[in-house]
Amino acid sequence: MLFVTRFKNRGRRPLAEVTADRLSWSPPENVKILSEYWCSNTDVAVIVVFETDSPEAINAMTRVWADDFEIEVSPAITGEHGMELARQRTD
């Protein structure tokens, strides 16, 4: 299943420390990160799109970063899939 996760920086640690942790971190084995964006605004710091079928993996992944970020995980579908569903509704 596809998910989009938004990480909002809590500002509890210097960004350099958080970045160093990210550089050494790997996602759980059953999480496939499809894309990761580091944003240059003050609202959302990072957006990650990933796939997994494991709720436990989502918990493990977000638990690591919970002290540094407010985290929102949303199930998603691709734009292509969404447009196909929209076409089916209008047929």
Q: Nearest 0.5 Å, please: how far is CG in Asn9 from CH2 in Trp65?
A: 11.0 Å

Q: Counting only heavy atoms not in Gln88, do more than 12 fall under 6.0 Å of its CD?
A: yes

Q: In Å, rounded to the nearest 0.5 Å, how long is the span from CD1 of Ile71 to OG1 of Thr62?
A: 5.0 Å

Q: Tell me the closest heavy-atom pair linking Val31 and Ala57, and the distance in Å.
A: CG2-CB, 3.6 Å

Q: Can you tell me how far CD of Glu51 sits from CG of Leu34, rounded to the nearest 0.5 angstrom?
A: 4.5 Å

Q: Does Arg22 use its side chain to pair, donor to acceptor, with the backbone of Trp25 at less than 3.5 Å?
A: yes

Q: For Glu56, which residues count as a side-chain contact (heavy atoms from CB on, under 4.5 Å) partner, sequence neighbours excluded?
A: Ser54

Q: What are the two closest non-hydrogen atoms of Met61 and Phe50, and how far apart are they?
A: CE-CE2, 3.3 Å

Q: Under the salt bridge (Lys or Arg N to Asp or Glu O under 4.0 Å) definition, can you give me all pairs with a residue in residues 57-70, not counting sequence neighbours?
A: Arg13-Asp68

Q: Can you give me the closest heavy-atom contact between Val4 and Val49, atom names plus distance?
A: CG2-CG2, 4.2 Å

Q: Using side-chain contact (heavy atoms from CB on, under 4.5 Å) as the criterion, list what pairs up with Pro14, not counting sequence neighbours.
A: Glu17

Q: If two hydrophobic side chains count as joined below 4.5 Å and joins carry through other members, does Ile77 share a cluster with Val73?
A: no

Q: Are Phe7 and Val44 close enough that some pair of their side-chain heavy atoms sits under 4.5 Å apart?
A: no

Q: Taking all non-hydrogen atoms of both residues, which atom of Phe3 and which atom of Ile58 are closest, and how far apart?
A: CZ-CD1, 3.6 Å

Q: What is the distance from atom OG1 of Thr5 to atom CD1 of Ile47, rounded to the nearest 0.5 Å?
A: 10.0 Å

Q: In the single-linkage hydrophobic clustering (I, L, V, M, F, W, Y; side-chain heavy atoms under 4.5 Å), do Phe69 and Tyr37 co-cluster?
A: no

Q: Which atoms form the tightest heavy-atom contact between Asp53 and Pro55, and what is the distance?
A: O-CD, 3.5 Å

Q: If every non-hydrogen atom of Ser74 is compared with every non-hydrogen atom of Arg6, which pair is closest and at what distance?
A: OG-NH2, 3.3 Å

Q: Is any side-chain heavy atom of Val46 less than 4.5 Å from a side-chain heavy atom of Val48?
A: yes

